[in-house]
Amino acid sequence: MSLSHALITDLYEFSMANGYFETLPRDTEAVFDVFYRTVPDNGSFVVSAGLEQVVEQLRGFHYTKEDIDYLKSLNLFSAEFISYLETMTFDCVVYAIPEGTPVFPRVPILTVKGPLIQCQLLETFVLNLINHQSLIATKSRRINLAAAGRPVMEFGARRAQGPDASVLGARAAVIGGCGSTSNVLSAAKYNIPVAGTMAHAWVQSYPTELEAFEKWAEVYPDNALLLVDTYDVLTSGVPNAIKVFKELRAKGHKKFGIRIDSGDIAKLSRKARKMMDDAGFPEATITASNALNENVIHSLLQEGAPLDSFGVGEQLITSSSSPVLSGVFKLAALKIGDGEWQPKIKLSNSKEKITLPGEKKAYRLYHKGTRNAFADVIALADEELPEEFVGINMDPMMTETEADLKDFDAELLTQVVVGPRAQSIETDTFKIQKHMYEKLAELPEETQRLLNPDRYPVYLTPALAELQAKMIKDHKL
Ligand SMILES: Nc1ncnc2c1ncn2[C@@H]1O[C@H](COP(=O)(O)OP(=O)(O)OP(=O)(O)O)[C@@H](O)[C@H]1O
Ligand SMILES: O=P(O)(O)OC[C@H]1O[C@H](OP(=O)(O)OP(=O)(O)O)[C@H](O)[C@@H]1O
Ligand SMILES: O=C(O)c1cccnc1
């Protein structure tokens with residue numbers, strides 16, 4: 001036993017929990033929602049990820065002896081509260097949208113319902129896991145969209161912000177579309193194909209580049225992706241690679257190619273392609289790497305660069321162009337003792353920042369009898385969805401003022417993931433990726449493009465919109 005991840009939390013969660021314990025009835029219950037408002041890279045949705053680790057942490061959630069000893073040593077909390085933490089059984093129910101689902105702003109990705117004290121203690125680490133992995137899965141989806149079906153290898157471990165970010169980031173990158181990772185621990189843990197080529201050090205370690213390629217081909221005849229830019233791609237790297245391809249082919253090997261890791265990749269890959277084709281090696285592949293992102297990949301392919309696959313590290317594993325997903329964890333309802341559930345709201349000057357009160361359920365609406373989704377609707381949890389909505393438009397992100405929604409099939413987005421009625425969640429990383437592609441296929445294409453995607457509407461039911469409007473008014477009195 002040692003200090004556990006249950007302490008990955010801000011002090012104020014413990015301060016509030018201890019305070020609730022001292023000042024509110026012990027049986028106070030709460031509902032909190034996790035959602036986000038702004039999509040990284042000006043996209044229109046986030047690919048949800050991180051749920052497996054949240055569920056892993058929550059099923060059997062407890063504090064270790066070392067955790068408790070440390071909390072005691074702070075002398076901040078009552079002995080009674082500490083002993084509550086020591087013997088706590090986790091009683092929350094968690095609802096969540098499956099990993100790999102495209103999720104739009106304001107839609108609850110995850111909802112926790114249970115003892116207020118316990119819910120509050122979850123905020124920081126739930127956000128840490130969901131925000132990080134959803135950010136990387138979202139970036140990966142963009143990069144893989146730009147790669148247009150060509151395999152993308154995740155190469156980011158050396159540039160990730162720490163070990164955990166590399167391992168979980170590689171997992172999220174696969175959820176978002178990558179086919180493999182160079183990160184051996186992540187590959188082993190999450191059953192991801194492990195992949196890789198060679199570094200410049202290999203080429204530098206032999207007297208000549210040709211010898212370096214030959215030695216590699218001797219040891220790895222079926223994985224000969226030769227790094228051709230240590231000295232000069234066109235006058236040295238590619239001609240030497242071609243010599244080695246000849247030897248490999250003579251021995252019956254078929255899988256070989258080059259990796260270009262610097263310079264003008266479009267120009268170099270075109271010339272290298274021609275040299276390899278002219279030498280009779282049309283099957284030799286070209287992999288590109290070097291600070292790639294979705295924009296560079298898109299531009300390379302627009303220019304007609306004959307690239308077969310990509311290795312993408314730093315810009316993917318850190319989502320460096322848009323490195324923050326600011327998902328939040330907000331109180332939506334409270335029940336004290338045997339009292340009624342009371343909806344709770346947080347006000348703000350900007351309409352989209354005002355929280356949605358009450359326990360809610362989110363649905364995806366499809367044109368009736370099809371798998372074509374056209375909007376999401378957030379409803380109060382105890383509402384039956386009507387057959388149609390007339391004059392609904394409470395989405396502050398949309399410019400239209402009103403819409404009629406009819407002839408739709410509605411599907412609940414969440415499932416129970418922790419609690420007595422918990423369903424099993426998908427943990428196969430590639431099945432989660434497949435789920436993402438199925439869900440993307442349901443969305444309007446114009447919401448998916450990289451540049452200025454169309455907004456996808458997220459409506460509130462009239463009952464929820466009225467509750468929100470009433471609470472805004474009541475609080476302003
Ligand atoms: N044809 C191209 N169009 C757009 N961007 C490109 C093209 N070719 C390469 N790039 C990108 O331009 C950037 C160039 O970066 P940089 O200047 O660091 O490369 P370099 O100096 O050739 O390589 P290194 O510093 O690794 O030796 C990289 O992100 C690379 O992926
Ligand atoms: O650029 P990324 O998308 O992160 O891809 C991974 C990079 O890591 C390696 O570079 P290395 O660490 O050897 O440094 P350098 O190529 O930048 O010199 C590799 O050669 C790629 O360029
Ligand atoms: O295998 C590779 O080619 C590789 C792995 C990590 C970073 N750069 C390259």
Side-chain angles (χ1 to χ4, degrees), residues 136 139-140 142-144 146-148 150-163 165-167 169-170 172-174 176-188 192-205 209 212-213 216-217 219-220 222-234 236-237 241 255-273 285-321 323 450-451:
I136 306 307
K139 187 63 169 177
S140 175
R142 295 177 64 80
I143 287 170
N144 280 279
R150 293 164 187 79
V152 177
M153 297 176 275
E154 188 284 312
F155 273 0
R158 66 193 56 203
R159 308 255 153 74
Q161 278 121 337
S166 82
V167 174
V174 171
C178 287
S180 59
T181 179
S182 62
N183 186 322
V184 180
L185 177 56
S186 192
I192 299 168
V194 69
T197 69
M198 63 173 69
H200 297 107
W202 175 272
V203 182
Q204 293 166 286
S205 298
E209 187 182 52
F213 287 175
W216 187 270
V219 188
Y220 305 108
D222 292 313
N223 179 21
L225 264 191
L226 306 172
L227 179 60
V228 291
D229 73 335
T230 307
Y231 304 118
D232 186 274
V233 174
L234 299 176
S236 167
K255 261 188 76 189
F256 40 73
I258 59 170
R259 174 160 77 95
I260 303 176
D261 188 44
S262 58
D264 184 324
I265 293 169
K267 193 172 85 186
L268 291 172
S269 62
R270 259 197 301 269
K271 293 195 171 167
R273 180 75 274 155
T285 58
I286 309 183
T287 299
S289 56
N290 189 22
L292 297 176
N293 60 28
E294 66 272 40
N295 299 328
V296 176
I297 292 175
H298 179 77
S299 161
L300 289 170
L301 296 178
Q302 283 288 107
E303 266 194 80
L307 300 169
D308 299 289
S309 65
F310 301 94
V312 184
E314 61 193 36
Q315 307 242 356
L316 167 57
I317 208 71
T318 64
S319 187
S320 57
S321 57
L450 293 177
L451 193 61

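Here the structure is a predicted model, which is why all the values come from computation and not from measurement. Whatever order the structure lists ligands and atoms in, that order sets their numbers, starting from 1.
Near Thr197, meaning under 4.0 Å from one of its heavy atoms, ligand 3 places the atoms 1 (O), 2 (C), 3 (O). Within ligand 2, counting atoms from 1 as listed, the ones closer than 4.0 Å to a heavy atom of Ala291 are 1 (O), 2 (P), 3 (O). Residue contact check: Asn290 has heavy atoms under 4.0 Å from atoms 1 (O), 22 (O) of ligand 2. Below 4.0 Å from some heavy atom of Arg158 lie the following atoms of ligand 2, by number and element: 8 (O), 9 (C), 11 (P), 12 (O), 13 (O). Close contacts of ligand 3 with Gly196, meaning ligand atoms under 4.0 Å from a residue heavy atom, involve 1 (O). For ligand 2, the atoms lying closer than 4.0 Å to a non-hydrogen atom of Glu314 are 2 (P), 3 (O), 4 (O). Using a 4.0 Å cut-off to heavy atoms of Gly313, the atoms of ligand 2 that qualify are 2 (P), 3 (O), 4 (O), 5 (O). Residue Arg158 approaches ligand 3 through these ligand atoms, each under 4.0 Å from one of its heavy atoms: 6 (C), 7 (C).
Taking atom 27 (O) of ligand 1 as the reference point, the nearest protein heavy-atom neighbour is Ser262 CB, 3.6 Å. Scanning the protein heavy atoms around atom 21 (C) of ligand 2, the nearest turns out to be Asp261 OD1, 3.4 Å. Among all non-hydrogen protein atoms, the one lying nearest atom 4 (C) of ligand 1 is Ser299 OG, 4.1 Å. Protein heavy atom closest to atom 5 (N) of ligand 1, with residue, atom name and distance, is Val296 CG1, 3.7 Å. Residue, atom and distance of the protein heavy atom nearest to atom 8 (N) of ligand 3 are Phe155 CD2, 3.6 Å. Atom 3 (N) of ligand 1 has Glu303 OE2, 3.7 Å as its closest protein atom, hydrogens excluded (heavy atom only).
Heavy-atom separations between Arg159 and ligand 2 include at least one value shorter than 4.0 Å. Taking a 4.0 Å cut-off on heavy atoms, Arg259 registers as neighbouring ligand 3.
For atom 1 (N) of ligand 1, the nearest protein heavy atom lies under 4.0 Å away. Atom 12 (O) of ligand 1 is never approached by the protein to below 4.0 angstrom, counting heavy atoms only. Within the 4.0 angstrom cut-off, atom 30 (C) of ligand 1 has one or more protein heavy-atom neighbours. Within the 4.0 Å cut-off (strictly below), no protein heavy atom is located near atom 18 (O) of ligand 2.
Between Lys267 and Glu303 there is no salt bridge, since none of the side-chain N atoms of the basic residue sits less than 4.0 Å from a carboxylate O of the acidic one.
Residue Gly263 has at least one N or O atom closer than 3.5 Å to an N or O atom of ligand 1. Any N or O atom pair closer than 3.5 Å counts here, and Ile265 shares at least one such pair with ligand 1. The N/O atoms of Leu300, backbone and side chain alike, include none that comes under 3.5 Å of an N/O atom in ligand 1.
By the criterion of a heavy-atom distance under 4.0 Å, neither the backbone nor the side chain of Lys267 is placed next to ligand 1. Here Met198 has no heavy atoms under 4.0 Å from ligand 2, in either its backbone or its side chain. Both the backbone and the side chain of Asn290 come within contact range of ligand 1, each with a heavy atom under 4.0 Å.
For Glu314 (side chain) and Ala291 (main-chain N/O), no donor-acceptor pair under 3.5 Å exists by modelled atom type.
A donor and an acceptor atom, one from each side chain of Ser289 and Asp261, are located under 3.5 Å apart.
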